[in-house]
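The residues of the chain are indexed from 1 along the displayed sequence. The analysis underlying the following values was restricted to heavy atoms, covering all of them including side chains, and did not include hydrogens, waters or symmetry mates.
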Amino acid sequence: QIVSADFANNTYEFTVSPNPANNSVTVTIPVSTAVSEILLFDINGKKIMFEQVAANVTSKQINIIKLTAGVYNVVLIQDGKKEMMKLLMK
């Protein structure tokens, strides 16, 4: 569960597109020699989805068609760092 996040530095090392989204999104991440994790949380901090991205892979398509409209938080965990970005589901 995410309690708080600091958005003072708005430079992200990953992208989520399209955003807003309908059926699926593509998360593009920097190359890493380690496995990365992509998590999706609802606005209340409840974990909705967890995806692993293999080493040296730089994008992952995620099916979100079953999600209801609203705002979600996409979290990337890579090389010991966490980054969060908002996703709007139409």
Side-chain angles (χ1 to χ4, degrees):
Q1 181 174 353
I2 296 175
V3 178
S4 68
D6 180 9
F7 293 103
N9 182 1
N10 287 329
T11 58
Y12 299 106
E13 292 190 18
F14 74 106
T15 61
V16 178
S17 62
N19 191 2
N22 287 321
N23 301 325
S24 68
V25 294
T26 300
V27 179
T28 304
I29 64 174
V31 68
S32 175
T33 57
V35 172
S36 301
E37 298 173 349
I38 299 170
L39 297 94
L40 187 66
F41 294 88
D42 68 15
I43 199 68
N44 297 314
K46 179 181 176 188
K47 184 167 54 173
I48 304 295
M49 193 176 298
F50 171 83
E51 297 280 339
Q52 285 193 323
V53 182
N56 299 313
V57 173
T58 59
S59 69
K60 177 83 171 183
Q61 186 165 0
I62 300 174
N63 182 343
I64 57 170
I65 197 165
K66 294 182 180 180
L67 298 181
T68 58
V71 178
Y72 295 85
N73 291 311
V74 181
V75 176
L76 170 66
I77 302 173
Q78 184 181 52
D79 297 327
K81 293 184 349 185
K82 281 186 188 180
E83 289 191 65
M84 185 170 71
M85 181 179 294
K86 292 206 180 296
L87 168 66
L88 179 61
M89 177 68 179
K90 293 194 261 186

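A pairwise comparison of heavy atoms in Thr58 and Pro30 identifies CG2-C, 4.4 Å as the closest pair. Nearest heavy-atom pair, Ala34 versus Asp79, reported as atom, atom and distance to 0.1 Å: CB-OD1, 3.9 Å. What you find for Asp42 and Ile48 is that their closest heavy atoms are N-CG1, 3.6 Å. Across Pro18 and Ser24, no two heavy atoms sit closer than the pair CD-O, 3.7 Å. Summarising the geometry of Gln52 relative to Glu37, their closest heavy-atom pair is NE2-OE2, 4.1 Å, with the distance given to 0.1 Å. For Leu87 against Ala21, the heavy-atom pair with the smallest separation is CD1-CB, 4.1 Å.
Thr33 places a side-chain heavy atom less than 4.5 Å from the side chain of Asn56. Residues Ile38 and Ile62 meet the side-chain proximity criterion, which asks for heavy atoms closer than 4.5 Å. For the pair Lys82/Met84, no side-chain contact is recorded, criterion being any heavy-atom separation below 4.5 Å from C-beta on. Contact annotation: the side chain of Val25 never approaches that of Val74 to less than 4.5 Å [non-hydrogen atoms, C-beta and beyond].
The side-chain contact (heavy atoms from CB on, under 4.5 Å) check on Val57 picks up Val53, Ala54, with sequence neighbours excluded.
In this structure, the separation between CG on Leu76 and NZ on Lys60 is 13.0 Å, given to the nearest 0.5 Å. One distance of note links CG of Leu67 with CG of Asn23; it measures 10.5 Å at 0.5 Å rounding. Phe14 CZ to Met85 CE: the interatomic distance, rounded to the nearest 0.5 Å, is 4.5 Å. Put simply, OG1 on Thr28 and CD on Gln61 are 10.5 Å apart, with the number rounded to the nearest 0.5 Å.
Linking Ile, Leu, Val, Met, Phe, Trp and Tyr residues whenever their side-chain heavy atoms come within less than 4.5 Å leaves Met89 and Ile43 in two separate clusters. When the side chains of ILVMFWY residues are joined at heavy-atom separations under 4.5 Å, either directly or via intervening members, Val35 and Leu39 end up in two distinct hydrophobic clusters.
A donor-acceptor distance shorter than 3.5 angstrom exists from the side chain of Asn19 to the backbone of Lys86, with no hydrogens or angles considered. Looking only at distances, no side-chain donor or acceptor of Gln78 sits under 3.5 Å from a matching main-chain atom of Ile29. Within the 3.5 Å criterion, the main-chain N or O of Lys46 finds no donor-acceptor partner in the side chain of Asn44.
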